[in-house]
Structure formats: structure tokens, C-alpha cells
Asker: 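This is the structure, below, for whatever I ask next.
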Amino acid sequence: MAQIAQVIVDVPTMQTNEPYSYAIPDALRDQLQPGMRVTVPFGHRVVSGFVVGITDDTQFEGQLKPIQAVLDLAPVLNSELQQLADWLATTTYAFRITCIQTMLPNLLKAQVEREIAPTAELTAQERATYFPDGMARPFDSTKLDPTTLSGLLKLRQAGKVTVTYQVKDKAAVKTTPGITTTLPTSQLQELATSVAKRAPKQAALLTYLQQLPAQPVAQAKVIKDAGVSAEVIRAGETKGWLKRQPLEVYRDPFQQPVAPTKPLTLNDQQHAAVTAINTAVTQHAAQTFLVEGVTGSGKTEVYLQSIATALKLGRSALMLVPEIALTPQMTNRVKSRFGHQVAVLHSGLSKGEQYDEWRRIDRGEATVVVGARSAVFAPIQHLGLIIMDEEHESSYKQDENPRYHARDVALWRGQYHDCPVVLGSATPSLETRARAAKGLYTRLVLDHRINHRPLPTVHIVDMREEVKQHSGDDDFSAPLMTAIQERLDRHEQVVLMLNRRGFSSFMMCRDCGFVLKCPNCDISLTYHVNPRLMKCHYCGHEEAVPQVCPNCHSRKIRYYGTGTQKVEEALQKLLPSARILRMDVDSTRRKGAHERLLKQFGRHDADILLGTQMIAKGLDFPNVTLVGVLNADTALGLPDFRASERTFQLLTQVSGRAGRAEKPGEVYIQTFNPDHYAIQLAQTQDYERFFVTEMHMRHQGNYPPYYYAVQLTASHEDEKVAAQAMYQILAAVKTGLSDQAIVLGPTPKAIARVKRKYYYQVVIKYKHEPHLKAVLDQIRQGSQRAARGLAVTIDAEPMNFM
DNA sequence: TTCAATGCAATC
DNA sequence: ATTGCATTGAAG
């Protein structure tokens, strides 16, 4: 019986979102397995694809085409991850191939390249114009200029040129020169004694070769260990003593060795938590834990000791951390406990490094994986424990297709492997905390700080009063300045956070009120000092800083609001002797800059670390005794039901940065909303009261976790088209769902225009809608043949309502 | 009437 | 996504 491969082709459309049948040529029959990548003829070209099954027959009536080539020796997705891909596609409304690609390291994304070659049919004239060197040339419609492109297309119509497709697999294994010997030890011994007296180096090499293992050894190692030069090795090669053979090496992103650490002694609460988790690990129970631990309560040690238990049982562990927290501080801590068996996966690595870490995991050489969001797809086998630190972080949700939440994937894998999942946070998401309240998750509370260090004292500064007393737009209140000065006098360090979410410094005319906006997007341009430019944070548009108002030509156009650079300048003016380190998107763009700045601060090369949200997470500097939040409430005004939750989390998180060692810490929060519950409760770090208050608000507003939510968005260059599409979708939703469902919109998004496109959205809130999936799938089908340029997205449980 | 731009369905 | 093929639209 002829075997048939079921292939998902790499063409992300609705029509090709199911397997296509291909004949398996005899030569590939033994080799091919589900989970492998292949190249297949598709229409009039070749595309890459992914084998999801091998069957004996097919529904397809027509003539099957054969698979062209197999790209892998072994499946790149095992059976678990293949099932996970299917689940991901159904729950996130994404294409199957998109899900598969997301789960694989970047380098395994095969690329199709087109080439165009001349034929004998061409006239000399045409040949000279299009093929000056007579050779085939790359045919990339995005890179060729329009005239050449249309010319080439005409020639193709006439059949005067041929187009070929080449699927390029970028997966490259790095090698280093290696050495092996084929001679038996006895012969080498003989040679060593018979070699000329005045060639001691050759003798040394021969002696060394005798104890060489069968596998190739790096040439660099031979040179070092045998004490010979590359010259001698070359001589040995010509004499046939040894053979050169490329040796596969891993690009190790973690070069520097780390000092091993021993498990620390646990306090009672930590001990209770570890015991509970260990029991679940040992019993292979797919139980979910919520470790609710205040900052400084030693959550990480609980994670590490639980991981140790899984390893002892011969199982592996996955630890997820927000990208921003994947600092060397954090990875070092895991590496120094578990050594070489740790693999690290995050976007800071090069693609080659990512691929190599992925392969170490796939081969079972790494049994502890630490990584950011996408590491939840790591090909770990025999999972014994999954940990997700800072579980509330919104970066665990991917904001492009597939719009998955790593927490959901982690829970899925926990079920699959029958292993516990530990969600950890000082400020759990309302969803998670509510599930714990319902008894779905086991709650483990760590409310003592290690060594009973007190929580920092938090002061709230009413900026309305400050502005009244002083003149105008000062970013620094008197109490905060006094506190900073005290630290400088005592040679202690200060962390200042500028909340930048949805807030920036913009140009406004004081005469006519004109605000300078991006010509492509609907948002105001941000003022940058160095280089002095107006920039759009969404599309990257740049323009010169205007001297006069473009609207009324007044010279009184000034910038308003607060950027890190402006604050830095102002602060430097107030404290001329203070050494200030600025950490924001601009100063950390280059690879490793983030790490370098933190090291600098850790060495006390600076007194004040000034930064955006990124400094709130996971830093641990013992000499920091003061934390200031310059503008606590910029996020509160945003049209998002999670605004309070975000604000509370951020303030609590950043407050934890103060006084982590023996010196007590102080926190100053500057706000224009001193009475808001999110800020009041952040002052006392009272998560439980915040939870109860916020749950009440969510209940009032019919928001998650009381309701599920789906956000539908349509975007188009023409505002009318986008709006119209949304009204059609609205009609489909209304007829398809019960009247229990709450449908909001269509409304223009808070930032209605981004990159020359208008955005409209509809939000569905529901408790139980069995037909929802069918309705949304139908919308997905419909959006396929809608107006050109119209993009419809479906986001289940969105994190951003803007 | 002819050629070209535009829309549309199919791709195993 | 990309293609060939049908349909419609503008010039001959």
C-alpha cells in the first residue's frame, strides 16, 4: 500500500490550514516521520511544509505529487509538541503552520528563495539589460526596482526565462577543526619511539595521540594539552598519523564559569511550600500551585529546591521568567545550582545560540530549562515540574499570532506530563488568584521576608499640593529631594522610576494648543534630546523639532511631559555632584547594554539609577535604600480595565527594590491620585485587600475573571472600511451568540491610527457560549475574501484593551 | 475588438 | 503567498 504524507504547507491562509496529501517516494519511505520538515511542490512552486501524519489513503481525489525532500533526520517536534500545536491553533484562532513555526527555534524556519535564469530564447538586447553577467539572479519582488521587475515578469510570460525555487534551511551546526587518529595505539607507540631525536614535538604529539578517544577532539585542545603547535599537527596529518574531522560544537551563550552553590536553609513557610510541591512532583500530580510570596520572601529558593527534587527523580524541569527578568543575575543563580544541565532560552541570544540550546534540550543533555515566553515550547521530555515566575507579567502573552498565553501552555503541558505547575508572584493576576480562591489552585503563601527584614516604609506624595506650592512642572517633590540628598550623604544608592506607559513628552503650542502628531499614526510625537528629534514610538517616524508652531506660527511651542532624558537633565541640575545612570529603551538597545548598566550600578559607579518599568523587575542591589516613583498614575488613566491592577503590581514590585539587605528601605510615590485604592493599597503592600477591592470592581463592570473576553480588531488604511468590517462582524456575532453575551463596540481603538492604518474593535464578554468557536471560525473564513488590505485579528483573553 | 488591469479560486 | 484563469474595463 502506497503511503501518503499529510503535510501542512508553509502558506499561512485559511484555505491551506489543513493537511495536504503527498506521495512518499520510495527513497524517503523509511526516513519520513510525522514532525519532520519537508519541501513539496505546491502549485507552480516549491514550499516548505511540516508532516503531521502518515496515512495509507487520502480523501484527495486528484493525482498526488511526491514530496521533494526531507529537511530533517529526526522529527523537530515530538508527538507531545505536535498535539500542543493543534491545541494552540484551535484555542488561539491562528493558522496551524504559524503555531508550528512559533514553537520551533528561529533557524528552523526554512526560507524559500526564487531565482530567475536566462534561456536561449532571449535577444542579445534583453540579455544585456537583465543578465549583464549572463548568470541567474535572485528574484525577490520586494528588492527589485519596479522597472526591472516588470521587465522580468514580461520575459517570464513569454517563456524567455525560467524561475526556480530553492528552499533554504538556515539551520547550521557550528564546527571547529577536530582531530582523530585511525592508527592503533601500538602503532602510535612504535612511531613515537622511532621518530627522529630532533623532533621532540612530534614525539609528544604521538604520545598524546595514544590516549585520544575515538571521537574527534578539538584541535585547540590538542595544541594546549599536548603542548605542540598547529604546524606539528599539520606535519602529523601529512604523515598519516591523524585525520582532520570537523567537530560539532555548541555556541555556548554562557561562557564564564559560575561558582556552584548549595541549597540554602529554608524558613518555615518556604519549607512548607517546598514540601507541598515536592509531594506533587513525587506523585506525578498535575496540580497547580500559586506561590504568593512578597518581594524578598525567597521564592527563587523554593523554585530551586523543587527543581532539585524533580531532577533527583530523573525528571526535568522548566522555569519560565519574564524576558526582562532574564538577567545574568537570575540565570547565574540557576546555573550555579544545577551547572551544565541548565539551558537558557531568550531573545537576547543569537539565533545560532538559541538553536544550539534548543538542540541540547532536544537531545536530553539539558534537563533544566530557564527561559522567557517561547521557552514554554522547549522540547523537554519527562517533565517533572513547570515553574512560572512573576506569573502576572503581561509579557507572557504574545501580542502577535498565535496570541497565546504561556501560562495556558504551561498548564497544558503540566496535564500532559502529569506534573505540577507552580505559578509564582508577589502580586498574582486576578485570574490566578481567583482560581486559587475557588480551590482550583493550591495557594502557598510566603509573607515573611527572609531574615525578617521589614518591608520598606512607603510614603505617598500628593503632587497636587506640591505643584500648588512650587511653580509649575517640577518632576521632583520636596520630600523626595530631601530623601535623595540623605542617601547621597550616606553613600547609599537610589532607584528612580519613571512610569512611561502611554505617556511621553510631546510638543504643544502655548498659544493655540496645537500638538505635534505623527503623520502616520494618531499619536503625538515624543521629544528626544539626543539626537534632538521628534520620534513616533509606534512607527519610528522622525522629524526635526519645530521652532515655530506649524499651526499658528507662534514661537511659544514647547515640550511638555516627562521623558527619562529630560528628567535626567533636570535631576543633574538639582544635584550637580550626583552620578546618574539612565536606563531606558534608548540606552539599552544595544546587545548587552542592559547587563552592563546594571553591573555599573552594582559596583556603585553611580548613585542614582533612573529608568522606566524595566528597573522594577528582579534587581537586587543591597545598597539601594531609596526608591522613588516619579509619576505613579500615568497608567491609571488608560482605557483598560487592568489599569489599576497594573499600577498596583508595578508599585508593589518597584517598592520591593528598596532595602533588601540589612539597611532598611524607604519608598516615595509621587502621584496626582493619592486617594486611589491601587496607590493606597500599594503603600501598605496589601495584596489581599487589593484583590478583594479589585474583584469587586471587576464584578461591577462584568470584566474578567468574572467574564471571559475576546477582542476582535479590524484594521485598514481607509477608516470606513475598517469600521464597516467591524459592523459586519458585530452582526455575525450578535446572531451567533446567546443574549447572555455582552458585546461592546465597534469602537475605534484608543490609539485609532497606527502606521497609516485605522483600528476598530469589538469586545465580547461572555460566561458560557458553546457556539463562540464556530462563530469566530466563520468570521475568520469570511475575513479571508474581504477587501484587500483589511486585517482582522481575534484575540482570546487579550492583555491590552487599547 | 484587443489588450491589460483586477478579481478569484486553487494550490495535494 | 503565488499563480493561472476569468472577468471586467479602457484604448484601438
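Letters go in sequence order (proteins before strands), and every chain restarts at 1.
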Asker: Could you check how far CG of A:Asp10 sits from P of B:dC12, rounded to whole Å?
Answerer: 15 Å
Asker: So if I take every side-chain heavy atom of A:Val11 and compare against C:dA1, B:dC12, C:dT3, which nucleotide ends up nearest?
Answerer: C:dA1
Asker: Taking ring pair (Phe, Tyr, Trp, His ring centres under 6.0 Å) as the test, write out the residues that go with A:Tyr766, two or more places apart.
Answerer: A:Tyr708
Asker: With sequence neighbours left out, what residues match A:Tyr416 under ring pair (Phe, Tyr, Trp, His ring centres under 6.0 Å)?
Answerer: A:Trp412
Asker: So with a 6.0 Å cut-off around NZ of A:Lys351, is the heavy-atom count from everything else above 12?
Answerer: no
Asker: Tell me, which of residues 60-71 of chain A have any heavy atom that sits under 4.0 Å from an atom in DNA chain C?
Answerer: none
Asker: I'd like to know whether A:Leu81 forms a side-chain contact (heavy atoms from CB on, under 4.5 Å) with A:Gln83, so could you lay out the CA-CA distance, the side-chain angles of the two residues, the decisive distance to 0.1 Å, and finally the verdict.
Answerer: CA-CA 5 Å; A:Leu81 295 177; A:Gln83 289 174 49; over 6 Å; no
Asker: What is the separation between atom OH on A:Tyr20 and atom P on B:dC12, rounded to the nearest whole Å?
Answerer: 8 Å
Asker: Would one find more than 12 heavy atoms of other residues, nucleotides or ligands at under 6.0 Å from atom NZ of A:Lys773?
Answerer: yes
Asker: When the distance from CD of A:Gln3 to P of B:dC12 is rounded to whole Å, what number comes out?
Answerer: 21 Å
Asker: Looking at every strand, decide which applies to A:Pro19 at a 4.0 Å heavy-atom threshold: base, sugar-phosphate, or nothing.
Answerer: nothing
Asker: For A:Asn17 and B:dT11, give me the distance from atom CG to atom P, rounded to whole Å.
Answerer: 16 Å
Asker: When the distance from CD of A:Gln111 to P of C:dA1 is rounded to whole Å, what number comes out?
Answerer: 13 Å
Asker: Please check the phosphate of C:dT3 (OP1 and OP2 only) for any side-chain N or O of A:Arg114 closer than 4.0 Å.
Answerer: yes
Asker: Parallel under 30°, tilted from 30 to 60°, perpendicular over 60°: which one fits the rings of A:Phe42 and A:Tyr20?
Answerer: perpendicular
Asker: Please report, rounded to the nearest Å, how far the C1' atom of C:dT2 is from the CZ atom of A:Arg45.
Answerer: 4 Å
Asker: Sort out for me which residue in A:Leu730, A:Val775, A:Leu737 forms a side chain to side chain contact (heavy atoms under 4.5 Å, CB included) with A:Ile764.
Answerer: A:Leu737
Asker: A:Phe377: which residues meet the ring pair (Phe, Tyr, Trp, His ring centres under 6.0 Å) condition with it, sequence neighbours left out?
Answerer: A:Tyr404
Asker: Find every protein N or O atom lying less than 3.5 Å from an N or O atom of nucleotides 5-7 of chain C, and list the pairs.
Answerer:
none

Asker: Output the rounded distance in Å from CE (A:Met14) to C1' (B:dT11).
Answerer: 16 Å
Asker: What residues form a ring pair (Phe, Tyr, Trp, His ring centres under 6.0 Å) with A:Tyr93, not counting sequence neighbours?
Answerer: none
Asker: Distance check needed: C:dT2 P versus A:Ile116 CD1, whole Å only.
Answerer: 14 Å
Asker: What nucleotide, of C:dT2, B:dC12, C:dG4, holds the atom closest to the side chain of A:His44?
Answerer: C:dG4
